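Every value quoted in this text rests on a predicted model; they were computed, and no experiment measured them.
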Amino acid sequence: MTTGSNAQRRKAIVTGAGTGIGRAVAIGLLGEGYAVALAGRRANLLEDTVRASGAEARALVVPTDVTQSASVAALFDRVRTTFGRLDVLVNNAGTGAPGVPLDQLTDEQWRTVVDVNLTGTFLCMREAFAVMKTQDPRGGRIINNGSISAQVPRPNSAPYTATKHAVTGLTRSGSLDGRPFDIACGQIDIGNAATDMTEKMTTGMPQANGTVAPEPRIDVEHVVRAFLYMASLPLDVNVQFMTVMATKMPYIGRG
């Protein structure tokens, strides 16, 4: 883990920092001494995260809609003005659609997931590249929150699965295009972190064989440690993809 004076000089952005994994990662980075900009739609939840961290002096709350390019640009302008640089971007903001058969999805449900999960990730990566290419010292790290669904789908999850597969493509493209500028880009695919969003997994989730079964979850702290490890690496080292999951979740052999 990064500690001491080096961590205190490092600056990060976490999107979707008001709840779930984003909240836990933001608190983890603040605990490691980072200065962190917390981005999300609801300022009150971002402020709750800051209070929970106990590191108000190093936290910057920036209400942001990642689906809107002007809002994302304002976030990065605020970070550049306040922090002077950006070392780590955690692209975590995401959403899903109702678990209904593909032919029952509406245009709006599809576009909402695409706008947040895919376009939001792209817009933040674009702004991060612009900052990281021109700052001194040059470079930085982008960590995209993928999902097990970036590898294999759940039943009735077409919008979420499609966008998470696309995030993998953005991660690969970012890793390649960032090489000349010392920008490292990697992805963490998470399976069943214990957050409010996954509470329903304890009672039962649809399985590929048509049954409904409870699924094990893992303490979100294990996920935070994975993000912190990736963030701590020097820029000549990259974890391209990491999968962190409950050992007994139905992933290997799904279907």
Side-chain angles (χ1 to χ4, degrees), residues 1-2 6-17 21-22 25-26 28-30 32-39 60 62 64 66 69 71-94 116-147 150 163-190 223-224 226-244:
M1 304 300 177
T2 304
N6 182 55
Q8 292 171 2
R9 292 193 297 269
R10 292 170 65 79
K11 324 296 184 189
I13 293 174
V14 180
T15 67
I21 290 170
V25 171
L29 288 168
L30 286 164
E32 289 289 296
Y34 285 71
V36 180
L38 295 84
L60 178 66
V62 188
T64 305
V66 298
S69 57
S71 184
V72 173
L75 164 66
F76 282 79
D77 286 344
R78 181 86 180 276
V79 168
R80 187 186 293 109
T81 300
T82 305
F83 291 163
R85 65 175 291 108
L86 175 64
D87 297 292
V88 178
L89 165 65
V90 176
N91 264 323
N92 169 76
V116 176
N117 295 3
L118 180 56
T119 301
T121 297
F122 162 72
L123 292 175
C124 290
M125 287 180 66
R126 183 175 68 179
E127 295 295 330
F129 261 66
V131 173
M132 292 173 176
K133 285 170 67 171
T134 57
Q135 64 190 4
D136 184 21
R138 187 179 67 178
R141 185 175 303 278
I142 298 170
I143 306 173
N144 291 330
N145 184 345
S147 169
T163 55
K164 289 302 186 177
H165 274 64
V167 167
T168 297
L170 277 176
T171 299
R172 289 192 168 116
S173 290
S175 185
L176 178 60
D177 294 348
R179 284 180 190 171
F181 309 103
D182 301 312
I183 299 171
C185 188
Q187 179 172 315
I188 299 182
D189 291 334
I190 302 161
V223 176
V224 173
F227 275 97
L228 294 179
Y229 167 68
M230 289 177 69
S232 74
L233 294 170
L235 293 179
D236 61 347
V237 181
N238 191 35
V239 175
Q240 189 64 70
F241 293 98
M242 180 190 295
T243 301
V244 181

Heavy-atom closest pair, residues [X] and [Y]:
X      : Y      : result
Lys133 : Ile183 : CG-CD1, 3.9 Å
Met242 : Ala226 : SD-CB, 3.5 Å
Asp189 : Gly146 : OD1-CA, 3.3 Å
Gly22  : Val14  : O-CG1, 3.6 Å
Ala231 : Leu29  : CB-CD2, 4.4 Å
Asn117 : Ala93  : OD1-O, 4.4 Å

Say you draw a straight line from [atom1] of [X] to [atom2] of [Y]; how long is it, rounded to the nearest 0.5 Å?
X      : Y      : atom1 : atom2 : value
Gln187 : Thr243 : CD    : OG1   : 8.5 Å
Leu233 : Leu235 : CG    : CG    : 9.0 Å
Cys185 : Phe129 : SG    : CZ    : 6.5 Å
Asn144 : Met125 : CG    : CE    : 5.5 Å
Thr82  : Asp77  : OG1   : CG    : 10.0 Å
Asn91  : Ile13  : CG    : CD1   : 9.0 Å

Is there a side chain to side chain contact (heavy atoms under 4.5 Å, CB included) between Thr15 and Asn92 once you walk through the steps? CA-CA 5 Å; Thr15 67; Asn92 169 76; 4.2 Å; yes
Side chain to side chain contact (heavy atoms under 4.5 Å, CB included) for Leu118 and Leu170? Distances and angles first, verdict last. CA-CA 9 Å; Leu118 180 56; Leu170 277 176; 3.7 Å; yes
Non-hydrogen side-chain atoms of [X] and [Y] separated by less than 4.5 Å:
X      : Y      : result
Thr171 : Gln240 : yes
Phe227 : Ile190 : yes
Glu127 : Leu75  : no
Ile21  : Asn145 : yes

By side chain to side chain donor-acceptor pair (under 3.5 Å) - contacts of Arg172 (at least two apart):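 Testing Arg172 for side chain to side chain donor-acceptor pair (under 3.5 Å), a comparison that skips the adjacent residues, returns none.
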Do any N or O atoms from the side chain of [X] and from the backbone of [Y] form a donor-acceptor pair under 3.5 angstrom?
X      : Y      : value
Ser232 : Tyr229 : yes
Asp182 : Arg138 : no
Arg85  : Arg10  : no
Asp87  : Ala12  : no
Thr134 : Val131 : yes
Ser71  : Thr64  : no

Side chain to side chain contact (heavy atoms under 4.5 Å, CB included) between Val72 and Phe122, worked out: CA-CA 10 Å; Val72 173; Phe122 162 72; over 6 Å; no
